[in-house]
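Here the structure is a predicted model, which means the values were calculated and not measured.
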Amino acid sequence: MTVADRAAAGFHQVYAQPPAGRWAAPGRVNLIGEHTDYNDGFVLPFALPLRTVAAAAPQPGETWTVWSELTGETVDFGAAEVTAAGRVTGWAGYVAGIVWALREAGYPVPGARLAIASDVPLGAGLSSSAALEAAVLAALADLGGLDLPAEAQPRLAQRAENRYVGAPTGIMDQSAAIRCRAGHALFLDCRTEQVEHIPFDLAAAGLAILVIDSNAPHRHVDGEYAARRNSCEKAAALLDVPALRDVPTDNLDDALARLPDDETRRRVRHVVTENQRVYDTVDLLRARQIQQIGPLLVASHTSMRDDFAITVPEIDTAVEAALAAGALGARMTGGGFGGCVLALVEADHSDTVANAVTDAYARRGFTAPTHTTVTPAAGATRLD
């Protein structure tokens with residue numbers, strides 16, 4: 001049974017009626033550009049075939065009911081719970097956050113019943129939260145006939161996560177879940193929110209992207225993420241720039257010399273050089289030279305490991321084993337401290353690389369990783 005069918009079946013089971021429609025939004029991987037988004041920088045994600053689906057129908061009044069396949073819970077909330085941030089907690093807080101953000105922006109949000117099913121794994125760094133937000137946003141916008149252009153939707157979803165849920169994420173995840181196109185990577189300027197859809201035809205190049213879930217327990221991810229963001233903001237203030245995106249690569253050494261300690265210098269060096277790696281990757285993809293991006297992926301991982309200090313032993317082991325087995329490039333993807341690795345591989349070599357990573361984990365006594373081969377998919381859409 002597909003995830004869309006599971007959402008519809010769950011809706012019928014809980015509410016004893018069929019849904020008015022089903023809306024899907026994808027998880028994402030970031031090809032390159034890590035921790036650059038909240039520094040007003042550049043990112044290059046693409047959407048995954050893995051999706052979260054919201055089956056939904058109108059409900060009278062200012063009330064919302066949502067059921068989750070994952071937990072089996074049904075949560076009800078009304079207008080009182082969406083007048084201020086944080087009044088609905090847990091997974092349902094992301095749904096309530098979308099209602100809150102829409103109302104804050106002046107949209108008349110319809111009451112609704114929803115059923116949520118998902119193939120996007122939790123805690124893997126594939127942005128399951130943005131997929132949930134984008135699917136619910138698409139459903140409520142359609143049910144309410146809201147005039148909500150696609151380019152305005154990521155900021156609303158981000159506001160829900162930042163302000164209502166309290167997670168300090170950048171704009172990348174929601175942009176990818178909503179604005180990506182099949183067969184393309186999304187080149188996003190996180191300051192202006194301008195996008196360019198970059199062709200990313202792996203099959204034509206005889207290549208594939210292997211996504212390896214490290215299955216590593218996340219270590220202090222919330223506090224460490226916030227600490228990295230705070231460090232970057234303090235460095236920008238010390239350098240008297242609006243954000244680290246404004247530090248030019250060719251002036252990096254001078255900027256680093258103005259900073260007071262080595263840790264801050266390493267954080268800044270990662271962000272500035274990572275922005276340049278995004279540009280360089282985009283140039284290669286425009287030239288249809290996908291196989292040439294491998295060294296940039298490796299350099300990105302090295303920077304995340306040594307300068308930004310956000311990798312863990314399982315992640316580093318996966319990257320090292322993938323490269324030793326013949327991957328053209330590999331890097332951690334996502335916020336860090338666990339999550340996934342992506343590897344650029346020859347299409348007929350994917351299993352060999354995946355098996356090499358599994359063997360390396362076994363030798364080190366790590367929990368076995370899982371893996372899947374992915375292609376760039378479309379963003380949020382109504383299914384029926």
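Without hydrogens or angle criteria, Tyr361 side chain to Glu314 main chain gives a donor-acceptor distance under 3.5 Å. Between the side chain of His184 and the backbone N or O of Phe46, no donor-acceptor pair lies under 3.5 Å. Without hydrogens or angle criteria, Thr83 side chain to Ala80 main chain gives a donor-acceptor distance under 3.5 Å. A donor-acceptor pair under 3.5 Å is absent between the side-chain atoms of Asn251 and the main chain of Asp254, judged by distance alone. In terms of modelled atom types and a separation under 3.5 Å, the side chain of Arg51 and the main chain of Val53 share no donor-acceptor contact. Between the side chain of Asp142 and the backbone N or O of Ala139 there is no donor-acceptor pair closer than 3.5 Å. Judged purely by atom type and a 3.5 angstrom limit, Asp213 has no side-chain atom pairing as donor or acceptor with the backbone of Cys340. The closest donor-acceptor contact from the side chain of Arg6 to the backbone of Ser118 lies under 3.5 Å. A distance-only check finds a donor-acceptor pair linking the side chain of Thr358 to the backbone of Ala354 [under 3.5 Å]. Counting only distance, with no hydrogens or angles, the side chain of Ser303 and the backbone of Ala299 share no donor-acceptor pair below 3.5 Å.
Donor-acceptor pairing under 3.5 Å is recorded for the side chains of His301 and Asp316. A donor atom on one side chain and an acceptor atom on the other are found under 3.5 Å apart for Asp5 and Thr2. Neither side chain, Thr36 nor Arg245, offers a donor N or O lying under 3.5 Å from an acceptor on the other. Donor-acceptor pairing under 3.5 Å is recorded for the side chains of Thr65 and Asp76. In summary, the side chains of Glu133 and Gln174 do present a donor paired with an acceptor at a separation below 3.5 Å, with no hydrogens or angles considered. A donor-acceptor contact under 3.5 angstrom links the side chains of Ser129 and Glu161, judged on distance only. Between the side chains of Asn215 and Thr367, no donor N or O sits under 3.5 Å from an acceptor N or O. For the residue pair Arg277 and Thr281, no side-chain donor N or O sits within less than 3.5 Å of a side-chain acceptor on the partner. With no hydrogens or angles considered, a side-chain donor-acceptor pair links Trp91 and Glu73 at under 3.5 Å.
Put simply, Trp64 and Leu137 are part of the same group of oily side chains (I, L, V, M, F, W, Y) that touch within less than 4.5 Å, one to the next. Note: the hydrophobic cluster containing Tyr94 also contains Tyr107 (ILVMFWY, side chain heavy atoms under 4.5 Å, direct or indirect links). Linking Ile, Leu, Val, Met, Phe, Trp and Tyr residues whenever their side-chain heavy atoms come within less than 4.5 Å places Tyr164 and Ile178 in a single cluster. With hydrophobic clusters built from ILVMFWY side chains whose heavy atoms lie under 4.5 angstrom apart, Leu102 shares a cluster with Leu132. Under the 4.5 Å side-chain heavy-atom criterion for grouping Ile, Leu, Val, Met, Phe, Trp and Tyr, Val14 is not connected to Val3 through any hydrophobic cluster.
The two residues Ala130 and Ala177 have their closest heavy-atom pair at O-CB, 3.9 Å. What you find for Ala20 and Pro58 is that their closest heavy atoms are CB-CD, 4.1 Å. The nearest pair of heavy atoms linking Ala7 to Ala117 is N-CB, 3.8 Å. The two residues Asn275 and Gly41 make their nearest non-hydrogen contact at OD1-CA, 3.5 Å. For Leu323 against Ala330, the heavy-atom pair with the smallest separation is CD2-N, 3.8 Å. The two residues Pro45 and Cys180 make their nearest non-hydrogen contact at O-SG, 4.3 Å.
Taking the side chain as every heavy atom from C-beta outward, Phe366 and Ser214 never approach each other to under 4.5 Å. Taking 4.5 Å as the limit, some side-chain heavy atom of Leu238 sits within range of a side-chain heavy atom of Leu259. A heavy-atom distance below 4.5 Å is found between the side chains of Val211 and Ile209. Looking at Leu296 and Ile32, their side chains come closer than 4.5 Å, going by heavy atoms from C-beta outward. The closest side-chain heavy-atom distance from Thr370 to Ile212 is not below 4.5 Å. At least one side-chain heavy atom of Ile290 sits under 4.5 Å from a side-chain heavy atom of Leu344. No side-chain heavy atom of Val120 sits less than 4.5 Å from a side-chain heavy atom of Ser127. Between Thr381 and Trp23 there is no side-chain heavy-atom pair separated by less than 4.5 Å.
A salt bridge is absent between Arg269 and Glu274; no separation between the charged side-chain nitrogens and carboxylate oxygens falls under 4.0 Å. Comment: Arg179 does not engage Glu151 in a salt bridge, judged by the lack of any side-chain N to carboxylate O separation of less than 4.0 angstrom. Electrostatic pairing of Asp37 and Arg229 does not count as a salt bridge here, judged by no charged N lying under 4.0 Å from a carboxylate O. A salt bridge is defined here as a Lys NZ or Arg NE, NH1 or NH2 lying under 4.0 Å from an Asp or Glu carboxylate O, and Arg331 with Glu34 meets this definition. Ion pairing of Asp262 with Arg266 is present here, as a side-chain N (NZ or NE/NH1/NH2) and a carboxylate O approach within less than 4.0 Å. Classification of Arg28 and Asp173 as a salt-bridged pair holds, one side-chain N sitting under 4.0 Å from a carboxylate O. Salt bridge present: Arg286 and Asp283 bring a charged side-chain N and a carboxylate O closer than 4.0 Å.
Counting non-hydrogen atoms of neighbouring residues, nucleotides and ligands closer than 6.0 angstrom, the CG atom of Asp147 reaches no more than 12 such neighbours. Summarising the local packing, CZ of Arg103 is surrounded by more than 12 heavy atoms from other residues, nucleotides or ligands at distances under 6.0 Å. Counting non-hydrogen atoms of neighbouring residues, nucleotides and ligands closer than 6.0 angstrom, the CZ atom of Arg181 reaches no more than 12 such neighbours.
Atoms CD and CD, on Gln291 and Gln289 in that order, are 6.5 Å from each other to the nearest 0.5 Å. Separating the CG atom in Leu114 from the CG atom in Leu140 is a distance of 6.0 Å, to the nearest 0.5 Å. Distance check: Thr373 OG1 to His371 NE2 gives 6.5 Å after rounding to the nearest 0.5 Å.
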**Request:** Please step through side-chain contact (heavy atoms from CB on, under 4.5 Å) for the pair Arg159 and Glu104, ending with a clear verdict.
**Result:** CA-CA 10 Å; Arg159 182 173 170 82; Glu104 284 279 298; 3.5 Å; yes
**CA sep, side-chain torsions, deciding dist, call: Leu239, Leu244, side-chain contact (heavy atoms from CB on, under 4.5 Å)** = CA-CA 9 Å; Leu239 294 171; Leu244 293 183; 4.3 Å; yes
**Prompt:** Passes ring-ring contact (aromatic ring centres under 6.0 Å, His included), Tyr225 versus Tyr38? Steps please.
**Reply:** CA-CA 11 Å; Tyr225 184 98; Tyr38 57 78; 5.6 Å; yes
**Item:** Phe42 and Leu44: CA distance, side-chain angles, deciding distance, side-chain contact (heavy atoms from CB on, under 4.5 Å) verdict
**Value:** CA-CA 7 Å; Phe42 304 92; Leu44 192 64; over 6 Å; no
**Item:** Ser128 and Thr52: CA distance, side-chain angles, deciding distance, side-chain contact (heavy atoms from CB on, under 4.5 Å) verdict
**Value:** CA-CA 8 Å; Ser128 58; Thr52 294; 5.6 Å; no
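Note on ring orientation: taking the six-membered ring where Trp is involved, the planes of Tyr279 and Phe187 are perpendicular (angle over 60°, cut-offs 30° and 60°). By the 30° and 60° cut-offs, the orientation of the rings of Phe308 relative to His35 is tilted.
Evaluation of the side chain to side chain contact (heavy atoms under 4.5 Å, CB included) rule for Pro18 yields His12 as partners, not counting sequence neighbours.
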